Peer 1: 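Input: one structure, supplied below.
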Amino acid sequence: MSRYDARSIEPKWQKAWDEAGSFAATRDPSKPKYYVLEMFPYPSGRIHIGHVRNYTMGDVVARYKKAQGFSVLHPMGWDAFGMPAENAAMATGGHPKDWTYANISEMKEQMKPMGWSLDWTREFATCDPEYYGQQQALFIDFLEKDLVYRKNAVVNWDPVDMTVLANEQVIDDKGWRSGAEVERRELTQWFFKISDYSEELLDALDGLKDWPEKVRLMQANWIGKSRGIEIDFDLTAPTQGIEQITCYSTRPDTMHGASFIAISPDHPLSKALEADNAQLAAFNAECRKGGTTEEALEKAEKRGFDTGLTVRHPAEDRDLPVWVGNFVLMDYGTGAVFGCPAHDQRDLDFARKYDLPVRNAFHMPGDETDVGNEALVPDKTETVVFVDHFAGLGETTSQDAIDKTIDWFEAKGKGRGQVKYRLRDWGLSRQRYWGCPIPVVHCDACGVVPEKKENLPVELPYDVTFDTPGNPLDRHPTWRDCACPSCGKPAKRETDTMDTFVDSSWYFARFTAPRATTPTVAEDADYWMNVDQYIGGIEHAILHLLYSRFFARAMHICGHLPEKSKEPFNALFTQGMVTHAIYKIDERRLRPVYGSGPESDEKLESQFARLRQYFYPSQVIEFNDGGVLKAVHKESFEATGRDPNDSDNLKDFWTRDRDNPIEVIPSAKMSKSKNNVVDPLAIIDQYGADTARWFVMSDSPPERDVEWTASGAEGASKHLARVFRLAAEIADGADTGTDDEALLRDMHKTIQAVTDGIEGFAFNTSIAKLYAFTNTLAKAKASAETRKAAMRVMAQLMSPMTPHLAEEVWTMLGGEGLIAEADWPEVDPAMLVEDSVTLPIQVNGKRRDEISVPKDMDKAEVEKLALATEGVQRALDGAAPKKVIVVPGRIVNVVA
RNA sequence: GCCCGAGUGGCGGAAUGGUAGACGCAGGGGAUUCAAAAUCCCCCGGUAGCAAUACCGUGUGGGUUCGAGUCCCACCUCGGGCACCA
């Protein structure tokens with residue numbers, strides 16, 4: 001009998017599928033279509049276990065839907081623009097384009113052996129000029145439809161490297177290479193008008209029934225609709241021509257508790273006052289330091305500056321001081337808020353710090369204690385008692401009070417009810433080389449002019465260098481200088497490129513007609529769109545998906561997508577992440593390095609340290625030091641010739657060697673930049689693709705994060721070998737008994753369970769059922785024919801997960817044609833019906849016994865049998881039951 | 001700091017409000033073998049007990065219910081996102 005040999009089986013069947021063209025998507029009007037898409041990868045050059053998990057899930061769905069008779073589209077491409085290519089160029093002197101395409105071909109080589117049912121004929125990379133040229137065409141269409149505009153926005157500015165930094169390049173408010181404190185600087189940038197669609201994007205979430213609830217919730221919170229009010233506060237002494245400060249508030253019901261006004265450092269009034277107030281100017285400059293992330297802003301210490309100005313309370317007879325506060329954002333609301341310390345913890349901390357008054361606007365019923373150092377912030381639906389409310393409110397909820405207060409202000413003409421959204425317009429300008437050039441030209445005479453479509457793509461020049469920080473396009477005169485498309489006079493190209501989120505916001509549409517000379521083709525988009533099942537990481541729950549939803553609408557407006565595609569993803573599944581420990585140099589140990597040597601050496605050393613602070617798992621030896629995981633650099637340790645199995649040697653080395661104390665951070669998101677990416681190729685080499693596929697699908701529920709461990713692959717491999725042996729034995733075996741019905745019943749239950757598992761994205765439970773069925777089949781006392789039929793069904797049920805082995809087994813058992821082309825087995829519902837059922841008997845909710853009864857036995861009869869059981873008698877100990885609950889077919893509970 | 005999610009044996013995990021721990025991994029015992037690998041069989045949450053069985057047990061503390069891993073409230077820990085990582 002031959003043994004299971006994945007190495008010979010897998011290439012054979014991959015070739016067979018290729019030759020049969022099994023996975024080429026074709027528009028077939030006679031069949032329903034199914035478009036399954038996994039988020040395309042960034043071409044890092046190595047596939048990691050997260051890819052294997054993601055693409056295997058998609059493949060299971062694709063193969064299953066094909067078996068169900070759908071015409072399936074299952075494409076693959078590359079999200080190929082982005083910073084890592086430029087970083088690599090800077091580090092090694094290569095070119096981002098060469099680096100990227102080399103990575104793509106390497107990664108594709110690694111993906112092919114997985115046997116995923118991908119239509120490779122549709123492959124593209126977002127850095128292909130054919131792709132980004134069409135993206136530029138979209139941009140021009142958007143410009144025409146007024147969906148794009150320019151305005152100023154802040155960026156992270158590194159004052160030493162004289163360059164814009166990405167948020168991830170800002171570490172503790174400092175530039176990652178220079179170590180200089182980052183400043184916020186304004187630049188003119190391009191924006192998509194996504195905020196015009198806030199209401200629509202929010203409303204449409206309700207229609208996305210097959211999206212995870214949590215993703216819809218996250219998006220709704222991100223869009224952040226709020227009803228509030230703009231209230232005008234008159235300055236008691238107008239200054240610099242400014243008479244009023246307009247505050248936006250979602251809590252006007254707390255106006256009685258207002259004790260100060262806080263304006264943003266960038267508020268027009270604050271800026272105006274800077275001229276005559278050096279201290280304020282210095283304060284504002286200080287506020288403008290640090291990163292631009294919301295997190296950095298929120299976590300920064302709350303600081304204020306008293307302008308000395310006051311405003312009139314619009315509803316009460318008193319004045320409020322005007323402060324500049326670093327926590328007030330200019331781009332949300334009006335850049336000014338009123339502070340109500342009693343009912344907002346941040347305002348309270350601020351008030352205590354600067355000794356401002358704290359006044360309760362309301363109390364909880366029956367408790368008139370004034371606020372101390374903890375703000376009183378009950379749920380808006382809770383009833384509270386208002387204090388001296390100017391609109392005469394007494395005991396009511398904040399929810400109700402907000403509405404009534406807004407009405408009051410509107411009636412008095414002192415405020416305007418407003419609906420606002422947190423969602424901001426999407427800034428797409430990036431001051432970087434490796435991205436899609438924004439196809440516009442700046443002309444002294446004509447202003448900003450879109451490039452002509454016939455001149456697209458505006459292609460990236462190849463002759464650039466990365467030896468100086470900043471955007472090489474900016475320093476490239478022959479590329480930058482051009483003729484104005486409108487008047488023909490000398491002009492300059494836009495040197496900013498697009499955010500890579502733009503690339504990934506329409507690739508799903510491009511897959512329907514990847515070679516077209518327009519962004520999409522109507523017939524193809526009509527047939528293939530929408531994506532029926534989209535699968536990807538939860539980390540994309542907000543931005544990528546929201547941007548794509550906006551883009552689909554914008555493309556519809558420009559005639560590139562049908563109406564039905566305004567929501568492009570019918571169903572979404574977010575897989576959990578595969579996590580793995582990170583190995584990084586213990587930063588505490590690095591500090592002394594900065595302090596030694598001359599200035600230039602110090603900087604060099606710190607840059608060097610920042611660049612190589614993460615190690616790959618294969619580069620380290622991990623050990624346990626009194627419960628703390630640590631690691632040392634493998635190569636350096638091995639050079640000492642000491643025994644790595646003796647942990648004392650490792651501890652000693654860890655402590656002594658300056659370069660090698662490595663911290664282990666368990667269970668972190670796998671990330672290219674952190675080098676904690678697990679290499680699945682080893683498993684494939686050793687056991688084959690089917691084992692890797694089976695293992696990642698059986699390991700844990702797909703939506704949950706999973707910590708990668710190597711153990712388990714062995715078990716998966718053993719099981720597949722067992723299935724192979726069983727198939728071989730059944731193929732030439734004889735009858736083992738006559739109980740065909742029992743086997744067939746179990747077979748149908750298995751079909752049902754496996755199908756349910758796939759439909760419900762609970763692949764691990766499908767696999768558990770297949771394990772169980774393997775046991776059943778191995779032990780079944782049935783006729784040879786029935787065992788063969790059952791084995792063929794098992795091959796079919798396994799085929800989405802382990803397609804190569806399934807084909808092999810299918811062939812052994814005389815299955816017709818390719819299993820990849822076979823129909824999914826059907827369940828006979830009659831075979832699922834059981835005539836008798838085992839009922840657990842509980843006393844006070846604790847299981848005491850069980851009975852086996854006919855399925856439809858009536859309640860009274862069941863009750864009698866249950867009470868008579870030994871376990872119940874013992875538990876009751878002669879007492880009479882108070883009540884008996886019989887749930888037919890489920891359980892009996894006796895209340896004693 | 002704000003928003004979202006997750007916590008069940010040694011491990012991955014299963015469980016329409018109805019027998020907690022299916023299925024797998026690891027471990028233990030046995031069979032087979034000259035021996036090993038491979039394979040097959042049995043055991044496997046904790047405590048007590050020869051056993052039958054009893055008690056405890058799904059991050060912590062409360063609550064709803066005949067019955068809670070599941071629903072509600074509060075908290076703890078971990079993970080994701082926070083608009084220039086992709």
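These numbers were taken from a predicted model, which means no experiment stands behind them. The chains referred to below are lettered A, B, ... by the order of the sequence lines, with proteins before strands, and numbering in each begins at 1.
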Peer 1: Please write out each protein N/O paired with an N/O of nucleotides 53-59 of chain B under 3.5 Å, distance rounded to 0.1 Å.
Peer 2:
residue, atom, partner, partner atom, Å
B:A54, OP1, A:R848, NH1, 3.0
B:C55, OP1, A:R848, NH2, 3.4
B:C55, OP2, A:R848, NH1, 3.2
B:C56, OP2, A:K846, NZ, 2.8

Peer 1: Below 3.5 Å, does any donor atom in the side chain of A:E294 face an acceptor in the base of B:C2, or the other way round?
Peer 2: no
Peer 1: If you look at every strand shown and take non-hydrogen atoms under 4.0 Å, does A:E213 touch a base, only sugar-phosphate, or nothing?
Peer 2: nothing
Peer 1: So, A:N844 side chain and A:A896 main chain: donor-acceptor pair closer than 3.5 Å or not?
Peer 2: yes
Peer 1: Say you pick atom C1' in B:C71 and the same atom in B:G67; how far apart are they, in whole Å?
Peer 2: 13 Å
Peer 1: Without decimals, in angstroms, what is the distance between A:R216 CZ and B:C3 P?
Peer 2: 20 Å
Peer 1: Please check: side-chain N/O of A:R847 versus main-chain N/O of A:Q842, any donor-acceptor pairing under 3.5 Å?
Peer 2: no
Peer 1: For A:K769 and B:A22, what is the distance between atoms NZ and C1' respectively, to the nearest whole Å?
Peer 2: 9 Å
Peer 1: Using a 4.0 Å heavy-atom cut-off across all strands, classify A:P701 as base, sugar-phosphate, or nothing.
Peer 2: sugar-phosphate
Peer 1: Using atom P in both nucleotides, what's the gap between B:C43 and B:A38 to the nearest angstrom?
Peer 2: 22 Å
Peer 1: Between atom CG in A:L543 and atom P in B:C82, what is the gap in whole Å?
Peer 2: 6 Å
Peer 1: Using atom CG of A:L546 as one end and atom C1' of B:A83 as the other, report the distance to the nearest whole Å.
Peer 2: 10 Å
Peer 1: With syn defined as a glycosidic angle within 90° of 0 and anti as the rest, where does B:G9 land?
Peer 2: syn
Peer 1: Measuring from A:I767:CD1 to A:H719:NE2, what's the distance to the nearest 0.5 Å?
Peer 2: 8.5 Å
Peer 1: Any side-chain N or O of A:R424 less than 4.0 Å from the OP1 or OP2 oxygen of B:A83?
Peer 2: no
Peer 1: If you measure from the P atom in B:U8 to the same atom in B:G13, how many Å do you get, rounded?
Peer 2: 8 Å
Peer 1: Are the side chains of A:V502 and A:Q135 in touch, meaning some heavy atoms are under 4.5 Å apart?
Peer 2: yes
Peer 1: With C1' as the reference atom in both, quote the distance from B:U53 to B:G69 in angstrom, rounded to an integer.
Peer 2: 25 Å
Peer 1: Given 3.5 Å as the limit, does a donor-acceptor pair link the side chain of A:H51 with the main chain of A:H48, or not?
Peer 2: yes
Peer 1: Taking atom P in both B:U64 and B:C72, what distance in whole Å separates the two?
Peer 2: 15 Å
Peer 1: On the ring face of A:W222, is A:R422 found with NZ or CZ under 6.0 Å from the centre and within 45° of the axis?
Peer 2: yes
Peer 1: Does the A:N764 side chain pair with the main chain of A:S698, one donor and one acceptor, at a distance under 3.5 Å?
Peer 2: no
Peer 1: Which nucleotide in the list B:A14, B:U19, B:A86 gets nearest to the side chain of A:E850?
Peer 2: B:U19
Peer 1: If you pin A:T500 and A:G845 to their nearest nucleotides in RNA chain B, which one's is more 5'?
Peer 2: A:G845
Peer 1: Has A:R150 got its NZ or CZ under 6.0 Å from the middle of the six-membered ring of A:W190, at an angle within 45 degrees of the ring axis?
Peer 2: yes
Peer 1: The side chain of A:Y42 is closest to which nucleotide in this list: B:A15, B:C23, B:A86?
Peer 2: B:A86
Peer 1: Please tell me if A:R704 has a side-chain N or O lying less than 4.0 Å from either OP1 or OP2 of B:A14.
Peer 2: yes
Peer 1: Heavy-atom count check: over 12 atoms from other residues, nucleotides or ligands less than 6.0 Å from A:K353 NZ?
Peer 2: yes
Peer 1: Can we call the ring centroids of A:Y507 and A:Y131 under 6.0 Å apart?
Peer 2: no
Peer 1: Would you say B:A83 has OP1 or OP2 under 4.0 Å from some side-chain N or O of A:N167?
Peer 2: yes
Peer 1: OP1, OP2 of B:A14 versus side-chain N and O of A:N764: anything below 4.0 Å?
Peer 2: yes
Peer 1: So, is A:N775 close to the B:G24 phosphate, meaning a side-chain N or O under 4.0 Å from OP1 or OP2?
Peer 2: yes
Peer 1: Could you work out the separation of B:G12 and B:A26 based on their C1' atoms and round it to a whole Å?
Peer 2: 11 Å
Peer 1: Are the side chain of A:D425 and the backbone N or O of A:F191 linked by a donor-acceptor pair below 3.5 Å?
Peer 2: no
Peer 1: If I take atom NE2 in residue A:H540 and atom C1' in nucleotide B:G80, what distance separates them, rounded to the nearest angstrom?
Peer 2: 11 Å
Peer 1: Between A:I885 (CD1) and B:A68 (P), how many Å, whole number?
Peer 2: 11 Å
Peer 1: Donor-acceptor pair, A:T497 side chain versus A:R432 backbone, under 3.5 Å?
Peer 2: yes
Peer 1: Scan A:V164 against the nucleic acid and name what it touches under 4.0 Å (heavy atoms): base, sugar-phosphate only, or nothing.
Peer 2: base
Peer 1: To the nearest angstrom, how far is A:Q219 atom CD from B:G5 atom P?
Peer 2: 14 Å
Peer 1: Does a side-chain N or O of A:N221 approach OP1 or OP2 of B:C4 to a distance below 4.0 Å, or not?
Peer 2: yes
Peer 1: With rounding to the closest Å, how many angstrom separate the P atoms on B:U65 and B:A6?
Peer 2: 26 Å
Peer 1: Give the nucleotide from the list B:G81, B:C23, B:G5 with an atom nearest to the side chain of A:A768.
Peer 2: B:C23
Peer 1: How does RNA chain B look in dot-bracket form if you count Watson-Crick and G-U pairs under 3.5 Å, write [ ] for pairs that cross, and put | where a base pairs with another strand?
Peer 2: (((((((..(((.....[....))).(((((.......))))).((((....))))..(((((..]....))))))))))))....
Peer 1: Is the phosphate of B:G24 approached by A:S698 (side-chain N or O, under 4.0 Å from OP1 or OP2)?
Peer 2: no
